[in-house]
Protein chains: 2
Amino acid sequence: MDTPHAHPAGTDLASVARLLADGTRASFCVALLDGRAWTATELARHAGVAASTATEHLNALVRGNLLAEERQGRHRYVRLAGPHVAELIEGLAAMAPGRASPPRSLSAAGRRKALAHARTCYDHLAGAVAVAITDTMTERGLLDWEHGLRLTGDGEAWLGRLGVTVPAGTRRPSVRSCLDWTERRSHLAGAVGAAMCRHAFDAGWITRIGTTRAVAVTAAGRQALRDHLGLPAELLSRK
Amino acid sequence: MDTPHAHPAGTDLASVARLLADGTRASFCVALLDGRAWTATELARHAGVAASTATEHLNALVRGNLLAEERQGRHRYVRLAGPHVAELIEGLAAMAPGRASPPRSLSAAGRRKALAHARTCYDHLAGAVAVAITDTMTERGLLDWEHGLRLTGDGEAWLGRLGVTVPAGTRRPSVRSCLDWTERRSHLAGAVGAAMCRHAFDAGWITRIGTTRAVAVTAAGRQALRDHLGLPAELLSRK
DNA sequence: TCGATGCTTCGGCGCCTGCCGAAACATCGG
DNA sequence: CCGATGTTTCGGCAGGCGCCGAAGCATCGA
């Protein structure tokens with residue numbers, strides 16, 4: 001070897017980072033942030049590359065343990081390998097250059113606006129709505145940031161009144177903050193964030209817009225958030 | 001452009017990841033995980049590249065806001081841009097291929113062993129010792145993982161008896177868990193972790209081994225950890 | 001003022017890797 | 001069994017990027 005001590009710990013770090021360093025692979029991962037499984041062809045079309053190219057990228061991502069795959073007949077379904085991957089990707093994206101490049105088309109502008117308003121982030125809620133919810137929960141003493149983020153007793157009771165049940169006994173932290181890449185503020189993640197998001201879907205408070213990550217708050221959802229958190233309607237209705 | 005909708009959100013994610021996707025740049029960042037400022041030449045020699053090459057890499061890393069720089073005379077000092085960068089890098093490294101490549105030389109083996117035992121991770125303590133401290137603090141009810149990680153009342157009192165003072169009023173979470181890339185377990189980070197590490201240096205409980213990230217626990221340190229945490233001596237002495 | 005040292009700029013070289021299309025293979029629905 | 005559709009393999013091409021050395025600039029110490 002010609003280098004003194006060939007990057008002792010640098011190489012393995014680089015090998016992981018390299019997986020996300022390509023625009024197409026990154027585009028796959030961002031798409032998969034919705035927490036659902038996509039087929040290889042869907043991802044290829046989404047990123048605008050040939051199917052053969054997508055195959056090679058997926059091989060790399062699966063091999064690198066960023067994605068998990070599942071074969072069903074002639075379809076190859078892939079999804080993020082776990083919440084830690086989603087958090088890593090969000091953390092990386094939050095560090096991106098501050099200047100959000102202006103959208104180039106009207107439909108892109110609308111899409112961006114919908115995403116900024118409310119969207120899923122792996123398995124919990126993100127966007128302006130999620131940040132507002134998190135802020136209000138903090139103001140009302142449901143969340144405590146004093147010594148690390150935690151759910152207060154009031155918070156537990158409040159969740160119970162909402163009908164949200166959090167699966168217990170897992171190693172996953174029950175509350176966690178996740179940096180929002182549109183708002184640049186924290187929103188609620190972790191097991192509680194996921195349970196709240198799931199419950200909001202089940203109760204019909206939010207619905208997916210088409211097949212994207214963007215979600216819309218329904219009339220019932222606005223009502224529920226006003227009743228339980230006192231959130232003003234104008235914050236929740238998209239113009 | 002020849003692609004349908006040129007990676008809307010993928011590009012900025014990729015541009016950040018690309019910075020860490022090169023072995024040499026990654027090697028710089030891993031070196032800087034010790035939290036100190038290095039000169040360009042030091043990093044170049046460390047990674048085994050020409051000074052001109054290092055300059056270009058540093059330009060990229062500073063431009064991408066991963067590193068902060070400070071000019072002093074003819075020296076260019078760089079350091080990580082903040083704790084969030086250190087956490088990102090550790091998170092990425094923790095995802096690296098499980099098989100730790102066996103060290104190729106005796107000195108490398110010794111170095112690796114020292115690092116695995118106790119080292120600094122940006123501004124707090126990592127390695128087997130740090131994991132043991134964190135575990136014991138949990139067992140003794142000083143830390144509570146129930147609803148997100150937090151310091152208990154007992155924990156605060158315990159810190160006070162140790163003489164550790166934590167700067168208050170910052171936005172930085174006071175306790176945080178950081179995934180250890182040698183132990184694959186969590187250790188204590190955040191403002192409290194940093195304050196404890198700083199206090200341990202000041203009190204002479206630990207000292208740096210040469211100019212590396214590895215640290216040694218002194219006799220006084222073993223005594224202190226036994227008195228305050230009941231940690232067995234054999235855990236703290238390197239063989 | 002003058003050498004030594006640290007850093008930067010600039011060409012130029014070579015490899016790595018992402019891309020495609022064509023062809024083969026696998027699966028599904030009849 | 002057969003066409004349609006999803007996926008994979010394989011060449012081959014082209015651009016990007018990391019590397020170096022030489023030369024130039026800035027700063028330090030004397």
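Below, chains carry the letters A, B, ... as their sequence lines are ordered, and counting in each starts from 1.
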All N/O pairs under 3.5 Å across the protein-nucleotides 8-18 of chain D interface:
residue	atom	partner	partner atom	Å
D/dT8	OP1	A/R71	NH1	2.8
D/dT8	OP1	A/R71	NH2	3.2
D/dT8	OP1	A/R76	NH1	3.3
D/dT8	OP2	A/T55	OG1	2.9
D/dT8	OP2	A/R76	NH1	3.2
D/dG18	OP1	B/R25	NH2	3.0

Going by heavy atoms in the side chains, are A/I133 and A/M196 under 4.5 Å from each other? yes

With distance as the sole test, does A/T134 use its side chain to make a donor-acceptor pair with the main-chain N or O of A/L188 at under 3.5 Å? yes

With sequence neighbours excluded, what pairs up with B/E69 under the salt bridge (Lys or Arg N to Asp or Glu O under 4.0 Å) test? B/R71, B/R76

As a quick check of understanding, evaluate side-chain contact (heavy atoms from CB on, under 4.5 Å) for A/V85 and B/M95, giving each step before the final call. CA-CA 9 Å; A/V85 178; B/M95 195 158 279; 4.0 Å; yes

Using the 3.5 Å cut-off, write out each protein N or O paired with an N or O of nucleotides 25-30 of chain C and the distance between them.
residue	atom	partner	partner atom	Å
C/dT27	O2	A/R74	NH1	3.4

Are A/R222 and A/W205 close enough that some pair of their side-chain heavy atoms sits under 4.5 Å apart? no

Assess whether side-chain contact (heavy atoms from CB on, under 4.5 Å) is satisfied between A/L33 and A/I89, documenting all intermediate values. CA-CA 8 Å; A/L33 270 184; A/I89 291 169; 4.1 Å; yes

Can you name the nearest heavy-atom pair linking B/L32 to B/L67, along with the distance? CD1-CD2, 3.6 Å

Answer whether the closest heavy-atom distance between the side chains of A/I206 and A/F201 falls below 4.5 Å. yes

What is the separation between atom CZ on A/R63 and atom C1' on C/dT17, rounded to the nearest whole Å? 16 Å

